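A short worksheet on the structure shown next.
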Number of protein chains: 2
Amino acid sequence: MATRADVARLAGVSPSTVTYVLNGQRSVTARTKARVKAAMRELNYVPNAFARGLAGSHRGLLALHFPTDVHGFTPTEFAYVSAATDHARKLGYQLLLWTNRITDVEELHALLGQSIVDGVLLMEVVAEDPRLEVIRDSGVPFVTIGRPDDARGISFVDSDYRAMLRLAVDYLADLGHRSLVVLGQSTANLERGAGPTRRITDAVEEPARSRGMAVTPINVEFSSAGGAEAFRRLLLLHPQPTAVVAYNELAVPGLIGAATAEGFLIPDQLSVLAIGLSVLSAESCTPELTTVTPPISRIAQRAVEILAGAIRKKSSEQVHELMDPSLTVRASTCEPRSPADPHASASAASRSADMRPNGVEGLRPSGPQCR
Amino acid sequence: MATRADVARLAGVSPSTVTYVLNGQRSVTARTKARVKAAMRELNYVPNAFARGLAGSHRGLLALHFPTDVHGFTPTEFAYVSAATDHARKLGYQLLLWTNRITDVEELHALLGQSIVDGVLLMEVVAEDPRLEVIRDSGVPFVTIGRPDDARGISFVDSDYRAMLRLAVDYLADLGHRSLVVLGQSTANLERGAGPTRRITDAVEEPARSRGMAVTPINVEFSSAGGAEAFRRLLLLHPQPTAVVAYNELAVPGLIGAATAEGFLIPDQLSVLAIGLSVLSAESCTPELTTVTPPISRIAQRAVEILAGAIRKKSSEQVHELMDPSLTVRASTCEPRSPADPHASASAASRSADMRPNGVEGLRPSGPQCR
DNA sequence: CTGAAAGCGCTAACAT
DNA sequence: ATGTTAGCGCTTTCAG
């Protein structure tokens with residue numbers, strides 16, 4: 001491994017000059033700069049991260065904290081992590097992955113105490129997040145992806161839930177739907193409360209009212225079994241909703257599976273619009289899912305950028321950014337269609353059991369039915 | 001931040017003594033040791049990771065490389081990563097997450113060149129893995145989770161596929177199944193070849209032969225849509241298999257969804273046994289999946305341990321470990337049952353379309369049907 | 001615009 | 001059993 005001294009010798013300059021061409025903290029003649037750069041290239045010089053961390057204040061390390069007990073780690077989550085990793089690298093940082101339970105504040109405290117990271121990215125932030133106090137006290141700069149109820153004193157990048165739900169509701173209303181179910185994540189075993197589900201439940205109200213849509217929230221576990229349960233609950237409602245807006249990645253396959261098993265055609269009899277999924281996740285369902293999503297990589301990028309900025313300037317100015325969502329129409333939504341079966345009329349009086357088609361005509365492959 | 005010198009002063013010893021009570025590399029009187037420890041506690045002393053990395057050879061950092069283009073990152077994958085993180089921490093290491101495409105060898109080379117990590121853990125190893133040469137050349141110790149075709153010169157921890165498939169086949173044969181489909185992952189767009197799918201296809205042969213079971217391999221994309229396609233292909237087979245052994249986490253929900261949509265009762269008409277899933281994944285399906293799985297956390301732990309050992313001893317002795325699988329019976333498998341419908345007899349002559357039940361009796365909730 | 005030199009906090013070889 | 005000391009490779013202040 002070549003060191004800075006080697007480069008300096010080869011270029012015929014002093015070691016500090018090498019440093020300065022590297023970080024541009026003071027001006028260097030074009031000529032010497034060129035010679036130094038040539039030397040660096042020739043020796044295949046890479047500055048030693050540890051020496052840097054020791055001498056300066058730049059550690060070159062960021063931590064990404066992903067709690068293991070809020071909900072599972074999905075392919076969508078990975079899209080965030082992977083985008084953050086990439087962008088961090090571009091800014092000269094490596095990402096440490098920290099996975100503790102969100103309530104293991106002691107562990108986090110110890111990790112922070114070692115001061116080996118320049119900053120921390122927090123994922124899966126819940127309404128009252130116990131991590132916040134610890135990390136705020138530690139003085140280490142941090143940015144959250146998502147946000148707590150009380151966002152004073154912190155910087156965050158988050159999805160714009162109001163915009164997402166307006167987009168979703170308008171789209172479904174335009175298709176002709178008059179009612180919908182909002183499928184969220186149960187917070188039963190999470191005393192601190194999950195922010196997004198509540199935020200979504202709130203955000204749907206205004207657009208639904210203005211479009212005259214009836215809304216029923218159903219919160220279930222973050223799992224395929226949760227989706228099956230959601231469908232069971234949905235069957236008990238009357239009038240039965242013709243559309244579902246789902247913010248529960250793992251429940252969606254279960255919901256679709258259960259619905260299809262009952263002879264519900266998707267999207268003909270039940271439109272499913274998923275919120276927040278990565279493209280990969282959306283396209284890997286059958287039928288492929290119509291989605292309203294935030295710009296995942298941009299969120300991750302901005303979070304890293306803001307964090308890097310906070311580290312550099314040491315200014316604790318807070319940045320709050322909500323990112324604009326976009327609608328991608330795929331195969332899981334369409335206008336509501338009354339099944340041919342006369343029993344299955346959409347009248348409010350019909351019993352839910354009547355909705356189930358009785359004949360073999362309900363049995364078809366579960367591929368895209370529409371569009 | 002207190003330094004080693006502060007501790008030494010407070011304890012009335014020399015700085016190096018502090019070092020030695022810390023790492024036990026030479027004996028220290030019980031008394032002085034006690035005094036030093038007290039001082040450390042009082043000052044809340046944490047050794048500076050960067051100074052350590054600079055002065056010694058211990059960086060305290062491991063990299064976990066997860067390629068983004070082999071297949072998606074699932075909750076099961078996260079179980080490995082999270083277990084590795086935990087165990088690394090116990091051994092005094094932090095884990096860096098590196099996510100590049102598996103073919104981005106240059107990037108990996110650059111990462112390795114900075115020599116900021118003591119060792120590397122490689123996940124998602126494919127049959128001919130381009131990463132291996134690069135990392136071998138770099139001289140950085142590494143351990144793979146999974147293994148390439150040619151495992152000479154490397155240390156790995158992997159699932160014992162032969163044992164897994166013997167377990168799976170025996171279990172299904174004992175239930176009375178006479179034929180099965182092996183559902184693997186298509187390697188269409190992965191020129192280097194995915195190891196596990198082929199290994200599984202191979203490993204099923206011997207036990208299947210000895211139990212007189214017919215085997216049909218079906219490889220599809222790693223997605224829910226892939227599962228739906230698998231079911232479509234399965235319908236074209238005759239005699240139609242009564243069981244599926246699936247090594248394709250994301251395809252399983254799609255397969256079950258498609259099957260249920262066709263009126264196939266799971267597990268009554270089609271048993272599904274999943275290979276390699278984490279408990280969380282298995283339990284979040286509807287019905288919950290019977291699985292044959294390797295001990296995920298132990299694999300991750302062993303990999304970290306072996307890596308730590310290789311780093312410490314600098315001996316390049318190779319360790320090859322195959323971990324014993326276990327069978328967990330849940331709700332997705334049972335003995336094959338002929339549907340009440342007479343058309344659906346299991347005779348080899350029956351057309352596949354005949355397998356589909358025609359009446360409403362096929363329509364039932366998709367919860368556990370058996371056991 | 002450039003060079004010299006003092007650390008950063010620790011490890012490990014060398015003394016005692 | 002314990003103390004002393006020379007670096008590790010870099011950042012940054014102080015001098016030119």
Side-chain angles (χ1 to χ4, degrees), chain A residues 1-37 39-40 43-61 92-94 113-118 311-312 314, chain B residues 1-37 39-40 43-61 92-94 113-118 311-312 314:
Chain A
M1 269 303 66
T3 73
R4 190 191 53 154
D6 298 329
V7 176
R9 206 171 306 124
L10 208 172
V13 299
S14 85
S16 55
T17 300
V18 176
T19 297
Y20 292 119
V21 331
L22 218 47
N23 64 196
Q25 290 196 197
R26 73 187 193 192
S27 36
V28 180
T29 331
R31 270 210 1 185
T32 57
K33 184 181 286 185
R35 267 189 309 165
V36 169
K37 285 199 165 170
M40 294 200 304
L43 295 176
N44 218 288
Y45 170 71
V46 183
N48 180 307
F50 290 89
R52 255 170 121 146
L54 219 209
S57 55
H58 177 90
R59 260 88 248 251
L61 247 32
Y93 291 97
Q94 299 272 346
Q114 298 177 244
S115 62
I116 64 173
V117 296
D118 294 308
I311 292 167
R312 209 173 309 116
K314 289 178 167 296
Chain B
M1 269 305 65
T3 74
R4 190 191 51 152
D6 297 330
V7 176
R9 205 171 309 123
L10 208 171
V13 298
S14 83
S16 58
T17 300
V18 176
T19 298
Y20 292 119
V21 329
L22 220 47
N23 64 195
Q25 288 195 198
R26 72 185 194 192
S27 37
V28 180
T29 332
R31 271 210 0 186
T32 59
K33 185 181 287 185
R35 266 189 309 162
V36 169
K37 286 200 164 171
M40 295 200 301
L43 296 176
N44 217 285
Y45 169 71
V46 183
N48 180 308
F50 290 89
R52 257 172 121 146
L54 220 209
S57 54
H58 177 89
R59 261 86 248 249
L61 249 32
Y93 292 97
Q94 299 273 344
Q114 298 175 242
S115 62
I116 63 172
V117 296
D118 294 308
I311 292 166
R312 209 173 309 116
K314 288 176 166 297

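All of these numbers come straight from a predicted model, not from anything done at the bench. Chain naming here is simple, since letters A, B, ... match the order of the sequence lines and numbering starts at 1 in each. Just so you know, these numbers use all the heavy atoms, side chains as well, and skip hydrogens, waters and symmetry mates.
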Worksheet item: Do A:Asn48 and A:Thr3 have side-chain heavy atoms sitting under 4.5 Å apart?
Response: no

Worksheet item: If you look at every heavy atom in B:Arg4 and B:Tyr45, which pair is closest and at what distance?
Response: N-CE1, 3.5 Å

Practice prompt. Working to the nearest 0.5 Å, report the span between NZ of B:Lys37 and CG of B:Leu22.
Written response: 8.5 Å

Worksheet, complete the sentence: B:Arg35 CZ to D:dA1 C1', in whole Å, measures 12 Å

Extract from the structure each pairing of a protein N or O with an N or O of nucleotides 8-11 of chain C at less than 3.5 Å, listing the distance.
residue: C:dC8; atom: O2; partner: A:Ala55; partner atom: N; Å: 3.3
residue: C:dG9; atom: N2; partner: B:Ala51; partner atom: O; Å: 3.4
residue: C:dC10; atom: OP1; partner: B:Tyr45; partner atom: OH; Å: 2.5
residue: C:dC10; atom: OP1; partner: B:Asn48; partner atom: N; Å: 3.2
residue: C:dC10; atom: OP2; partner: B:Arg4; partner atom: N; Å: 2.4
residue: C:dT11; atom: OP1; partner: B:Arg52; partner atom: NE; Å: 3.3
residue: C:dT11; atom: OP2; partner: B:Thr19; partner atom: OG1; Å: 3.3

Worksheet item: Separation of A:Arg59 atom CZ from D:dC10 atom C1', in whole Å?
Response: 12 Å

Practice prompt. Examine the side chains of B:Thr17 and B:Ser14 and answer whether a donor and an acceptor come within less than 3.5 Å of each other.
Written response: yes

Worksheet item: OP1 or OP2 of D:dT2 sitting under 4.0 Å from any side-chain N/O of B:Thr17?
Response: no

Item to complete: Could you tell me whether the phosphate oxygens of C:dC1, OP1 or OP2, come under 4.0 Å of any side-chain nitrogen or oxygen in A:Thr32?
Response: no

Table of protein N/O atoms under 3.5 Å from nucleotides 14-16 of chain C N/O atoms:
residue: C:dC14; atom: N4; partner: B:Arg26; partner atom: NH1; Å: 3.4

Discussion item. Could you work out how much the helix from C:dC1-D:dG16 to C:dT16-D:dA1 bends, comparing the axis of its first five pairs with that of its last five, to 10°?
Written reply: 40°

Worksheet item: Quick one: does A:Leu61's side chain get under 4.5 Å of B:Phe50's, heavy atoms only?
Response: yes

Fill in: Atom pair distance, as rounded to whole Å: CG in A:Asp6 and P in D:dC8
11 Å

Discussion item. Nearest to the B:Val13 side chain among D:dT2, C:dG3, D:dG3, which nucleotide is it?
Written reply: D:dG3

Item to complete: Kindly say if B:Thr29 contacts the phosphate of D:dA1, meaning a side-chain N or O under 4.0 Å from OP1 or OP2.
Response: no

Worksheet item: Taking all atoms of both residues into account, what is the closest heavy-atom pair of B:Arg59 and B:Ser115, and its distance?
Response: NH1-O, 3.4 Å

Fill in: Closest approach of B:Val21 to B:Val36 (non-hydrogen atoms, all atoms of both residues)
CG2-CG1, 3.5 Å

Response to the item:
Smallest heavy-atom separation, B:Ala49 atom then A:Ile116 atom, equals CB-CG2, 3.4 Å

Worksheet item: Is the gap between the ring centers of B:Tyr93 and B:His58 under 6.0 Å?
Response: yes

Practice prompt. Taking all heavy atoms of B:Pro47 and all of B:Arg52, pick out the closest pair and write down the distance.
Written response: CG-NH1, 3.3 Å

Fill in: Straight-line distance of A:Leu43 CG to A:Asp6 CG, nearest 0.5 Å
6.0 Å

